[in-house]
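Worksheet for the structure shown next.
Numbers restart at 1 for each chain; the letters A, B, ... are given by sequence-line order, proteins then strands. All of these numbers come straight from a predicted model, not from anything done at the bench.
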Number of protein chains: 2
Amino acid sequence: MTSSEENYIKGIFHLSQGGQHSITTSALAEKMETKPSSVTDMVKRLAEKGLLHYKKYQGVRLTEEGAGHALKVIRKHRLWEVFLVDKLNFAWDQVHEVAEQLEHIESEMLVDRLDALLNFPEFDPHGDPIPDKEGRFKTREKKLLSAMPAKSRGICVGVKDSSSQFLKFLDKYHIELGNTIEVLERESFDRSMHIQVGKRKLQISHQIASNLYVKPQPE
Amino acid sequence: MTSSEENYIKGIFHLSQGGQHSITTSALAEKMETKPSSVTDMVKRLAEKGLLHYKKYQGVRLTEEGAGHALKVIRKHRLWEVFLVDKLNFAWDQVHEVAEQLEHIESEMLVDRLDALLNFPEFDPHGDPIPDKEGRFKTREKKLLSAMPAKSRGICVGVKDSSSQFLKFLDKYHIELGNTIEVLERESFDRSMHIQVGKRKLQISHQIASNLYVKPQPE
DNA sequence: ATAAATATTTAGGCAAATCTAAAAATATGT
DNA sequence: ACATATTTTTAGATTTGCCTAAATATTTAT
Ligand SMILES: [Mn+2]
Ligand SMILES: [Mn+2]
Ligand SMILES: [Mn+2]
Ligand SMILES: [Mn+2]
């Protein structure tokens, strides 16, 4: 399987996580930053190889085999991200591009040994779950901070937007995965929020709150 | 630069180390395990990009830029080999294939941090020198064991053949880089040698002796 | 229900990297 | 020197992955 094929499979997998049964040509074209005609070409090849189901004008859906392959690529991507952060001291906004390359390296031994070196991490630096050898991964209860009511608390467990700009913004305000965040007050006018992170109080816009995942805490 | 282009540049660089001024199309075709006509195509493209000098029927020679690029790829290849052996416990006969893939990953930060993680190694698991950031590398005096006279001693510092079969053969007889090897006697008939490795005495064929490099020791 | 807008596919082309077969240049042997 | 052998290049095809423009199917709006 080529890198390009793997990227398409991964793109389809991610779009499928959004709940849709079938992924349209145009949605996939947008995701892959390519033209719909190129997508049609590629999905025909992938259907040929048994990695997805494709009927003209009906969009695509991964086969078991296709989804399995997607999970392997995602596993590699996220393990490499952990490696870059934990072992090479990359910042969490610097790892994605390199992981995009490393995820295509073929060697089962490499992946498994890397997994062991990193102590079998269950989540990547952005809070996304890492599939194990069999493709299984932990899910955890999480809600967008923007969906949390006033007076509630949660632990920051992930980001929805993992762009370098957003991650650097979080760094600037010292918001990290693992922090406890309490919602002090919600402004209905602009949907901004007053929150407390550890001892610090700050006000964040809706845009920020709607890209941070928290695990709601009791009490 | 594509992986394929990098592989050609690396192939030419290695052939050039054998002393020839100019590398012929057929020599390169053999090295790259491809057809001469494919080589002609590729070297035209590489000449176009300024990575090598090419005149029809005259063979090729790397430019400064081409050689510099080759050194970068070789640096990455050998650093990754060290990583696989030192950090992921690969055997020295298992690293080459994976390093062939990893050497094409593009990220200067990755290479430099990896170098640091490994404590700036100067030689790879097969005894080959690792170029530094500027492309400079240590050379050390080394001779083929087959060229050592009787009663002489040397330290095993490298292999000429780094095929998995040869490396596994050395493992089987517990011959490792760093071992002191003494030549006890040379058989002129079949050119086999009686050697002493540490406390152990053994007899090795010319084929083995002519693929092991030693650094001659005084006395 | 029909027309207009939108989405998707097809057709035809291009660049990279490979191949085979044929042509051209170079090297070798008597 | 000249014929023969070898090496190298060219010509033409193939596959992957992409493009643009045109054709076709589907969806939406009147
Ligand atoms: Mn990523
Ligand atoms: Mn990630
Ligand atoms: Mn190697
Ligand atoms: Mn090596």
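By the 4.0 Å N-to-carboxylate-O rule, K133(B) lies too far from D115(B) to be salt-bridged with it. Residues K138(B) and E122(B) are paired through a salt bridge, judged by an N-O separation under 4.0 Å between the basic side chain and the carboxylate. With respect to the salt-bridge test (charged N to carboxylate O, under 4.0 angstrom), the residues K49(B) and E5(B) qualify. Electrostatic pairing of R75(A) and D112(A) counts as a salt bridge here, judged by a charged N lying under 4.0 Å from a carboxylate O. With salt bridges taken as basic N to acidic carboxylate O contacts below 4.0 Å, one links E103(B) and K10(B).
The backbone N or O of H53(A) sits nowhere less than 3.5 Å from a side-chain atom of R61(A) that would complete a donor-acceptor pair.
Distance CD (E30(A)) to P (dT6(C)): 16 Å, rounded to an integer number of Å. As a whole-Å value, the separation of I23(B) CD1 from dT7(D) P is 16 Å. For M1(B) and dA16(C), the CE to P distance is 13 Å, given to the nearest whole Å. Atoms CE (M32(B)) and P (dA16(C)) sit 17 Å apart, rounded to a whole Å. Distance, N7(A) CG to dG17(D) C1': 12 Å, rounded to whole Å.
Proximity of T2(A) to the phosphate of dG17(D): a side-chain N or O atom is located under 4.0 Å from OP1 or OP2. Taking side-chain N and O atoms only, S26(A) has a distance below 4.0 Å to OP1 or OP2 of dT8(C).
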Derivation of the ring pair (Phe, Tyr, Trp, His ring centres under 6.0 Å) call for H96(B) and H126(B): CA-CA 10 Å; H96(B) 182 75; H126(B) 313 102; 7.3 Å; no
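Listed by residue number, the members of residues 35-59 of chain A with any heavy atom below 4.0 angstrom from DNA chain D are K35(A), S37(A), S38(A), D41(A), M42(A), R45(A), Y57(A).
Ring pair Y8(B)/F13(B): centre-to-centre distance not below 6.0 Å.
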Protein N or O to nucleotides 3-5 of chain C N or O, pairs below 3.5 Å:
none

